[in-house]
Amino acid sequence: MKEFARIAVNVPEVRDQFDYAIPPELASLVSPGCLVEVTFGSQKVQGVVTKLLDQPEVAETKSIAALVDEFPVLSQNHLMLAFFLSEKYLQPVSGFITAMLPPGLHQQADTLFKLNLPSDFESDSLPDVSRRIIGKLTERGPLRGRQLDRTFKNVDWRKTARSLVSKGLLVSQPVLPEPAVRRKYSRSVLLSFHSQELESVIPALGFKDSAAFTRRLSVLRLLAGESQPAEISWVYASTGANSSDLRWLEQKGLIRFQSEEVWRDPLRDARGDLHYARAPVLTREQSAIWDRIEGLMDQRAFEKPVLLHGVTGSGKTELYMSAIEKALAQEQQAIILVPEISLTPQTIERFMGRFPGKVGVIHSKLSPGERYDTWRRARGTDFSIAIGPRSALFTPFPNTGVIILDECHDESYYQAEMGPYFHAVEAAIAFGKLSKALVILGTATPDVNLYFRAVYEKWPLLELPSRVAAQSPETPAAAIPDTLPLPEVQIVDMRAELREGNISIFSRSLSERLRDVLASQQQAILLLNRRGSASYVFCRDCGYTLKCPRCDFSLTYHRNSLSLVCHTCGYTRKMPGKCPQCGSNRIKQFGTGTEKVEADLQLLFPSARLLRWDADTSSGKGAEEVILSHFRQHNADILIGTQMLAKGLDLPLVTLVGVVLADVGLNFPDYRTAERTFQLLTQVAGRAGRSALGGKVILQTFQPEHYAIQFAAKHNFAGFYGQELSHRRELRYPPFTRMVRFECRDTNSDKAQQVAIELFSRLERLANASSDKTFELSGPTPPYFAKRGGLFRWQVILKGTDPAKLLKDEFFSGIRVEVDPPSLL
Ligand code: ADP
Ligand code: ZN
Ligand code: ZN
């Protein structure tokens, strides 16, 4: 039996692990993956055992103080995944461990502050922050550091508290808060005697005719009529008895209490969609692909993921379900990840319809109690299909057989808001290998980098090029369904519209088609990609956009200084008076919002029923669902919205999709903008013509010759991919190099800049000292979104063949480090 354990402690910014002795009473219980409590420095903290050891690496070890959960909270595979991700993304392993545990179970250490004031204490002479801390502790009693954080936002109260501690006015003490979540129990009662003996116990119930007697008797009568223990709240409600009556009856030995755990299940009231209850006969295309997937599962070929490239509506989800069914038949579990925005009730109901009683959802909107219970139910395979956004990858199933990522190109798979920063696609690929599960990456518009890797590493690449035709009631059930062509896409040159005197934001083709749609009582969607629409400058006559001569990114217009700035390298120039390409003076910034589109459209079609869907109208909880169902029920004719519209909606009456300005997204200063525009336009085009009514797509643009627009219009991924790849090879962007982005944030821009400048020199020294000569540094510069959450941002980019290797032993305190970030915005 091993006597020592290596532990990853849950302390922010601590990357190393530490060895502890296992006390004899815990020797048989502690194993890798166990959550324990230990002393770390002067703090009590939690940590996870990563390894058992015969000998510790240091001479002196402290002992593990306690075991928090009787079972390991992480499997060996989950632990290995946490280490793999920690190394790949240069993030502390405890961050990934925390992400794998339900919130509330894993606690970070904290410090408790108490007053220790002399009796003659006078606070008047103290500075303001000291007085406020003392005031707060006088008012509320002892408080933990994180409670004080909430009171003193943006104030460095800790420094002040430390000086108060050294003056002896405060005492501080390390504490570990209790887990914030607990199991939930329901209490019930039952008779301790046979119900036929009820009459004989009545004399023991106290003074006949007293109120207590009546209540006690009615409790016994109620229980005598029940074949099962009765829930306490129900007993109270139906008898008027109170808790002291029940305690009295228990003391007399007449009833017994029972306690049973109740699961908090977020799907308790959800019903499966019976339309999907039975698997359809697969189309020929689907069958061919299913044979491949089934073959891989049978051969247990789990080294490589499968890339399932199928246009929207091609029946990918049906194939996911076949793979899930096969995994379940082998007593395995399945994880299906979807982008945050597609985790709608329709998605869940579709899976529940096919797999009743087997589905669980895991996402951040669940209450901590629901997440805790769902996590434990998964660990015990109380359900076997987990659906959710990227965090659902960490579902603690004992034997995951298949991991599916739907719309795997979606950027919500990258965790960017808070550390640990990582990409769920990479995490899934790694986890598939570790746990011997087949990983299926499904998408209509694969990432260029991912596709490149799939070709290079020879992953199975499965293509579904056509759509499944909707079944009509006359089709015989056993018939193989037909496929449908993709909708026709027309590109409209807005420069020509202007030249011919049409200054409206709607081209003549678009207005004509809208008129037809309204006349035939069908529906249309208009999309305006608003993100960044007001900040790029282009020529209305030739479509020319101003770009950085060094980075080839669009320059961003800064209203205050009337200048144009490159957000990658810092290049700055004055706003020109004339177009450098054609000499026209109609060169200016673009700015149109969804409100303006709505207003202009209403002028054009006064009787049309319009509905607007953007960040302003869909902010409330459930607002998106309301807007969508309103539209689906044909209570509106035209839906106007931003890029949110593009994803996964199935709206059969929509026969026209118009993109107000297809080139907007092309002008972000980021190497993936062409790709994002191509993806967005392809996805949007997929919204039209999802039924026998057919459909048409109109892309309005000032840059009709741009390859992203041209290839999107032809639904031609291969063409786009080829051209984009040669562009990236030329400019040395991924996949031909790799990047690490460093970001410094501060309330003060100069401070953030200063940190970034020092960081730049440090990285420069590191790169120069290395034998690897592929490194390239750019910055420091503020990124395109120069401020986030009230903080100024400055960034430095390191490019190279393997930049993470250079940084393996470096530690960057207070700086965000992102390896392979999908965006530099
Ligand atoms: P994707 O996931 O590629 O967008 P889906 O699996 O959602 O495609 O399929 C699109 C529509 O076609 C759905 O309504 C689905 O029920 C239907 N469908 C898919 N495969 C078949 C099939 N083999 N027979 C009949 N209908 C199908
Ligand atoms: Zn021009
Ligand atoms: Zn530049």
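What you see is a predicted model; the values in this text were computed from it and never measured. Atoms within a ligand are numbered from 1 in the order they appear, just like the ligands themselves.
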Are [X] and [Y] ion-paired here, with the side-chain N under 4.0 Å from a carboxylate O?
{"X": "Asp273", "Y": "Arg354", "answer": "no"}
{"X": "Glu349", "Y": "Arg271", "answer": "no"}
{"X": "Glu488", "Y": "Lys714", "answer": "no"}
{"X": "Glu705", "Y": "Arg495", "answer": "yes"}

Worksheet entry | Val281 and ligand 1 - part of the residue with a heavy-atom distance under 4.0 Å |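 Backbone only.
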Practice prompt. Check each heavy atom of Ser314 against ligand 1 and say whether those closer than 4.0 Å belong to the side chain, the backbone, both or neither.
Written response: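 The answer is both, backbone and side chain.
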Worksheet item: Do any nitrogen or oxygen atoms of Val468 lie less than 3.5 angstrom from nitrogen or oxygen atoms of ligand 1?
Response: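 No, Val468 has no N/O under 3.5 Å of an N/O on ligand 1.
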Discussion item. For the 3.5 Å polar cut-off, considering only N or O atoms, please tell me whether Pro280 and ligand 1 meet it.
Written reply: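 No, since none of the N or O atoms of Pro280 sits under 3.5 Å from an N or O of ligand 1.
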Regarding [X] and [Y], do their side chains bring together a donor and an acceptor under 3.5 Å, going by distance alone?
{"X": "Glu411", "Y": "His423", "value": "no"}
{"X": "Ser507", "Y": "Gln700", "value": "yes"}
{"X": "Thr655", "Y": "Gln523", "value": "no"}

Discussion item. Using heavy-atom distances only, which candidate in Gln286, Glu407, Lys316 approaches atom 3 (O) of ligand 1 most closely?
Written reply: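 Nearest option to atom 3 (O) of ligand 1, by heavy atoms: Lys316.
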Fill in: Tyr276 near ligand 1 by a heavy-atom separation under 4.0 Å
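A heavy atom of Tyr276 does come that close to ligand 1.
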Practice prompt. Please state whether Arg350 comes within less than 4.0 angstrom of ligand 1, counting heavy atoms only.
Written response: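 Arg350: in contact with ligand 1 (<4.0 Å).
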Practice prompt. Give a rough value, rounded to 10 degrees, for the angle at the Zn ion (ligand 2) between atoms SG of Cys579 and SG of Cys542.
Written response: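 The two atoms subtend 110° at the Zn ion (ligand 2).
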Fill in: Geometry at the Zn ion (ligand 2) - Cys582 SG versus Cys539 SG angle, rounded to 10 degrees
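Cys539 SG and Cys582 SG form an angle of 110° at the Zn ion (ligand 2).
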Discussion item. Looking only at the aromatic ring of each residue, does the gap between the centers of Tyr721 and Phe678 stay below 6.0 angstrom?
Written reply: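 No, the ring of Phe678 stays outside the 6.0 Å limit from the ring of Tyr721, centre to centre.
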By number and element, which atoms of ligand 1 are closer than 4.0 Å to a non-hydrogen atom of [X]?
{"X": "Gly315", "answer": "1 (P), 3 (O), 5 (P), 6 (O), 8 (O), 9 (O), 19 (C)"}
{"X": "Glu318", "answer": "6 (O), 19 (C), 20 (N)"}
{"X": "Leu282", "answer": "23 (N)"}
{"X": "Thr283", "answer": "23 (N)"}

Worksheet entry | Residue pair Ile525 / Leu656, side-chain heavy-atom distance below 4.5 Å |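 No. Closest side-chain heavy atoms not under 4.5 Å.
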